Visitor: 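Before I ask anything, here is the structure I am working with.
Starting from 1, each residue takes its place in the sequence as its number. As a basis for the values below, the full set of heavy atoms in this structure was taken, side chains included, without hydrogen atoms, waters or symmetry mates. Computed from a predicted structure; not experimentally measured.
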Amino acid sequence: MLLMLLADGFEEIEALGTLDLLRRAGVEVQTASLAEGTMVRGAHGITVQADGAFPGAWTPERVEGVILPGGMGGATALAASAEVEAWLRALNAQGKWICAICAAPALVLPRAGVLTAGRQATCYPAPNFIAELGAAYTDAPAVVSGNLITGAGPGAFAAFARAIAEALRPAAAVAQVWQDALL
């Protein structure tokens, strides 16, 4: 099971599009709110109800990995959370999946120390975000580098979700879902 962390200001298409495609592919994903309670407001005014509050009953040992949507407000809140940082460090030490898209790779991952030498990542192609990733930056819609999966931004959510699904499910099953879902 993957845990998607939602903070107020998250980018809706990155979170909900990714969530939808992963669930269609048979990947179990639960959502956790960093906001008070379980209601989380996206960057474009869409409010969603998360499955629970973070961290709740979830622990790094009980999940296969984490998904961090972008959106400036959401990614900034994720980056400011000492608990999220501790989770990312624990997941990385255990070799579990760390998936981040848009602003989250640039704002959250460097702070948590998961962009070690030799790793590649992508993010929203703003100059300040590219600078945050430094030598790790790769201009691609989605990048898989060890246990790290990153996506470039809203327009890359399907490539990001597919990279996650392919890491967890047989390629043929994933290809069929993408054919059916994105016709």
Side-chain angles (χ1 to χ4, degrees), residues 1-23 27-56 58 60 63-92 96-115 121-133 136-137 141-143 148-164:
M1 185 272 297
L2 295 174
L3 187 63
M4 179 180 284
L5 303 182
L6 299 175
D8 284 335
F10 71 93
E11 176 60 51
E12 292 96 337
I13 197 166
E14 294 167 2
L16 301 178
T18 298
L19 178 64
D20 178 44
L21 289 172
L22 289 175
R23 286 185 176 173
V27 176
E28 183 184 356
V29 182
Q30 293 183 358
T31 56
S33 166
L34 264 66
E36 282 291 319
T38 58
M39 301 304 288
V40 190
R41 184 174 172 88
H44 300 96
I46 299 172
T47 300
V48 299
Q49 183 168 7
D51 295 316
F54 180 77
W58 296 291
V63 301
E64 291 178 79
V66 68
I67 301 171
L68 310 171
M72 278 304 293
T76 299
L78 293 170
S81 169
E83 192 147 33
V84 169
E85 182 179 335
W87 260 65
L88 293 177
R89 290 179 187 275
L91 290 170
N92 196 48
K96 294 189 174 182
W97 296 107
I98 297 172
C99 310
I101 186 170
C102 194
L107 297 180
V108 183
L109 301 184
R111 178 181 165 101
V114 299
L115 286 175
T122 192
C123 64
Y124 188 80
N128 57 323
F129 290 167
I130 292 170
E132 283 294 325
L133 293 184
Y137 178 74
V143 174
L148 182 64
I149 301 173
T150 53
F157 83 90
F160 175 65
R162 187 170 188 155
I164 297 168

Visitor: For a quick test of reading the model, state the closest non-hydrogen atom pair linking Ala103 to Met72 and the distance between them.
Guide: CB-SD, 4.1 Å
Visitor: Once rounded to the nearest 0.5 Å, what's the spacing between atom CG of Leu19 and atom CD1 of Ile13?
Guide: 13.0 Å
Visitor: I need the Arg162 CZ to Ile149 CD1 distance, nearest 0.5 Å.
Guide: 13.5 Å
Visitor: Under the rule for side-chain hydrogen bond (donor to acceptor under 3.5 Å, both in side chains), what residues qualify as partners of Ser33, not counting sequence neighbours?
Guide: none
Visitor: State, with a plain yes or no, whether a side-chain heavy atom of Pro105 is found less than 4.5 Å away from one of Phe129.
Guide: no
Visitor: Using side-chain heavy atoms (C-beta onward) and a distance below 4.5 Å, is Val66 in contact with Trp97?
Guide: no
Visitor: Can you measure from CD (Glu64) to CG (Leu3) and round to the nearest 0.5 angstrom?
Guide: 11.5 Å
Visitor: What are the two closest non-hydrogen atoms of Ile101 and Ala152, and how far apart are they?
Guide: CG1-N, 4.2 Å
Visitor: Are the side chain of Gln49 and the backbone of Met39 linked by a donor-acceptor contact shorter than 3.5 Å?
Guide: no
Visitor: Could you pull out the closest heavy-atom pair between Ala75 and Leu107, with the gap in Å?
Guide: CB-CD1, 3.8 Å
Visitor: For Ala43, is there any backbone N or O sitting under 3.5 Å from a side-chain donor or acceptor partner on Glu12?
Guide: yes
Visitor: Please check this pair: side chain of Glu11 against backbone of Cys102, looking for a donor-acceptor N/O pair closer than 3.5 Å.
Guide: no
Visitor: Are the side chains of Phe157 and Leu21 in contact, using a 4.5 Å heavy-atom criterion?
Guide: yes
Visitor: For Asp51, does its backbone N or O pair with a side-chain atom of Thr31 as donor and acceptor, under 3.5 Å?
Guide: yes
Visitor: Output, in order, the C-alpha distance, side-chain angles, deciding distance and verdict of side chain to side chain contact (heavy atoms under 4.5 Å, CB included) for Leu68 and Leu88.
Guide: CA-CA 10 Å; Leu68 310 171; Leu88 293 177; 4.0 Å; yes
Visitor: Give me the atom names and distance for the closest heavy-atom approach of Phe160 to Thr18.
Guide: CD2-OG1, 3.7 Å
Visitor: Could you tell me the separation between the CZ atom of Arg41 and the CG atom of Asp8, rounded to the nearest 0.5 Å?
Guide: 8.5 Å
Visitor: For Pro69 and Leu5, which heavy atoms make the closest approach, and how far apart are they?
Guide: CD-O, 3.1 Å
Visitor: With side chain to side chain donor-acceptor pair (under 3.5 Å) as the rule and sequence neighbours excluded, what pairs involving residues 72-88 come up?
Guide: Glu85-Arg89, Glu85-Arg111
Visitor: Take Leu148 and Leu115, measure what side chain to side chain contact (heavy atoms under 4.5 Å, CB included) needs, and give me the verdict at the end.
Guide: CA-CA 9 Å; Leu148 182 64; Leu115 286 175; 3.5 Å; yes
Visitor: If you define the side chain from C-beta out and look only at heavy atoms, does anything of Leu133 sit under 4.5 Å from Thr150?
Guide: no
Visitor: Evaluate the criterion side chain to side chain contact (heavy atoms under 4.5 Å, CB included) for residue pair Leu78 and Phe10; output intermediate values, then yes/no.
Guide: CA-CA 10 Å; Leu78 293 170; Phe10 71 93; over 6 Å; no
Visitor: Taking all heavy atoms of Trp58 and all of Ala32, pick out the closest pair and write down the distance.
Guide: CZ3-CB, 3.4 Å
